[in-house]
Amino acid sequence: MAGLRKRSGVFYAVIRVNGKQKELSTGVPVEQKGRKAKDLKAEAEQKAALLERRAKGEISHSAALDALRSVEKINGGGGDMPTVREYLTNYRGQAKASTEKNRQRAIKYFLEYLGKGADVRLDALSRQTVIDFLPWALERVAVGTVKLYRAMLATAFNAAVDDELIPRSPMPRIVKMERMAETVNPEIKRDVVKRQPFSPDELSRIFHTFPQPWADMALASFALGGLRLGEVCCLRWENVDLKRDVVTVETTKTEKTLEQALPPLLKARLMARREMVEEAEPYIFPNMARRYQREDSSISSEFSALLRAAGIVRAMPETSLKGNRKKVSPLSFHSLRHSFCTLGRCDSGVVPDVMRSIVGHNSEQIERGYTTANLEHKRAAVDAVMACIPSPPVAE
């Protein structure tokens, strides 16, 4: 018969299975305001007996969970097993905002796949159902997106295991997602597009002939180490130190704080822009910041349209790609990041450790741990890269 032990203010069931002693938390506090000690102990004894039966295989995990919840409800607590829809809709992790945003997208997509099947009990969700979701998703979105969805859902299901809602996660461990993708979607190889850098002449045209604010945004992205689109949109005046010629950047993907050297061309552009906006305006590109914050998906496509209009990118050909997969060009706003790295490493001879310090990449962490790139190192590197850009074309 299971015994009880008090530990950290909670009753633990002491169980012996196959000659080995185990201690399992009953979740019942030793003391609780408004409840008598004997009632708490009685509830703990009931739960300990159920935990012992589950440990010995006398009842299933699901049956034990139902019985444990019944005990809790009788004693004024607990609740019913949530449905898949209820659990996932209400689940909130502890990750950064961008990660939680991706998780909500994954949950929305998974619930769309399940349909009415999302209204079954969480512990009734089979692993096969989740396995079938993966090829369904691969027919509609890119491999990388499905990998992201799988990781986001796995975290939510693992939390349910930790909370003892389910005995194990229904999410399988898929090691070779690409192989599955090629099996269910013959077009999958056309989804993979390697980003390409802009040439120096193309960069010059973008910086000097594109309409505002795109010309300044592209220049800021490139000159500050290839900032991502959202990072550029949300640049704030408080992060610009015109006296020291420094810009402090908060990266969204890695959550790093980078101190970047401010090259003369970008400084002149920012000073001109500062004169055109209200003193109280916090953002350098206020309209873009607000569009990005309300999740305006047309921002990226707007820059792509400018690239096509300038003849830098050809119009994307019509294809028969299924589902929601996008026609991806090898040149986009993110190519500014590729351009900075390519010009820095291949054309300007910037030391790899200094380049990683500017761009904020996490690769070769040990090597970088033995190298400290100061602001002057960065300034020399940025000046070398900026020197590759031709002067603006002379008007005839």
Side-chain angles (χ1 to χ4, degrees), residues 2 10 12-28 46-73 77-95 99-100 102-138 146-177 179-180 184:
V10 175
Y12 274 71
V14 181
I15 301 169
R16 184 168 291 277
V17 181
N18 298 326
K20 295 183 179 181
Q21 183 171 298
K22 298 176 64 176
E23 292 188 7
L24 301 173
S25 173
T26 66
V28 180
Q46 288 178 287
K47 286 192 171 185
L50 289 167
L51 291 171
E52 182 179 37
R53 293 185 64 194
R54 183 182 69 179
K56 292 181 177 181
E58 296 175 3
I59 57 175
S60 68
H61 185 91
S62 296
L65 289 175
D66 285 341
L68 289 168
R69 288 189 181 84
S70 296
V71 171
E72 291 175 348
K73 292 182 72 174
D80 297 324
M81 169 69 71
T83 65
V84 176
R85 190 186 308 279
E86 290 169 344
Y87 175 75
L88 290 178
T89 301
N90 295 322
Y91 174 76
R92 293 293 182 273
Q94 298 181 346
T99 300
E100 288 305 319
N102 286 330
R103 195 185 328 277
Q104 292 310 308
R105 289 176 178 171
I107 289 172
K108 180 180 179 180
Y109 208 67
F110 183 60
L111 294 179
E112 176 187 337
Y113 160 74
L114 290 177
K116 293 182 179 179
D119 296 318
V120 302
R121 291 163 47 115
L122 178 62
D123 58 352
L125 179 64
S126 69
R127 176 161 291 194
Q128 188 59 51
T129 298
V130 180
I131 291 175
D132 292 342
F133 162 71
L134 299 174
W136 178 88
L138 286 168
V146 180
K147 284 184 176 181
L148 177 65
Y149 287 174
R150 180 201 165 280
M152 296 294 98
L153 291 169
T155 303
F157 290 136
N158 288 337
V161 174
D162 292 341
D163 293 339
E164 294 193 346
L165 287 172
I166 52 178
R168 67 173 187 170
S169 170
M171 179 60 72
R173 293 183 178 181
I174 301 297
V175 178
K176 298 179 180 179
M177 185 77 78
R179 183 174 296 179
M180 174 185 281
V184 302

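In what follows, residues are counted from 1 in the order of the sequence shown. Just so it is clear, the structure is predicted and the values come from calculations on it, not from any experiment.
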A side-chain contact here means heavy atoms from C-beta on lying under 4.5 Å apart; do Asn90 and Pro82 qualify?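 Answer no - side chains too far apart.
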Given side chains that start at C-beta, do those of Val14 and Gln21 come closer than 4.5 Å, heavy atoms only?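 Yes, their side chains come closer than 4.5 Å.
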Distance in Å, [X] [atom1] paired with [Y] [atom2], rounded so as to fall on 0.5 Å steps:
{"X": "Gln104", "Y": "Thr89", "atom1": "CD", "atom2": "OG1", "value": "8.0 Å"}
{"X": "Glu86", "Y": "Arg121", "atom1": "CD", "atom2": "CZ", "value": "11.5 Å"}
{"X": "Leu114", "Y": "Asp119", "atom1": "CG", "atom2": "CG", "value": "9.5 Å"}

Partners meeting side chain to side chain contact (heavy atoms under 4.5 Å, CB included) with Ala159 (sequence neighbours left out):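 Partners of Ala159 under the side chain to side chain contact (heavy atoms under 4.5 Å, CB included) test: Tyr87, Tyr91.
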Go through the structure and list residues passing ring pair (Phe, Tyr, Trp, His ring centres under 6.0 Å) with Phe110, not counting sequence neighbours.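 Testing Phe110 for ring pair (Phe, Tyr, Trp, His ring centres under 6.0 Å), a comparison that skips the adjacent residues, returns Phe133.
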Any residue meeting salt bridge (Lys or Arg N to Asp or Glu O under 4.0 Å) with [X], in chain and number order, not counting sequence neighbours:
{"X": "Lys22", "answer": "none"}
{"X": "Lys108", "answer": "none"}
{"X": "Glu23", "answer": "Arg5, Arg7"}

Please report, to 0.1 Å, the donor-acceptor pairs under 3.5 Å made by any side chain of residues 124-132, with sequence neighbours excluded.
residue	atom	partner	partner atom	Å
Ser126	OG	Thr129	N	3.1
Ser126	OG	Thr129	OG1	2.7
Arg127	NH2	Ser169	O	2.4
Gln128	NE2	Asp132	OD1	2.9

On a heavy-atom basis, which atom in Met152 and which in Ala106 lie closest, and how many Å separate them?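 Distance-wise, the nearest heavy atoms are CB-CB, 3.8 Å.
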Least distance between heavy atoms, Lys56 atom then Arg16 atom: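 Taking Lys56 first and Arg16 second, the nearest heavy atoms are CE-O, 3.6 Å.
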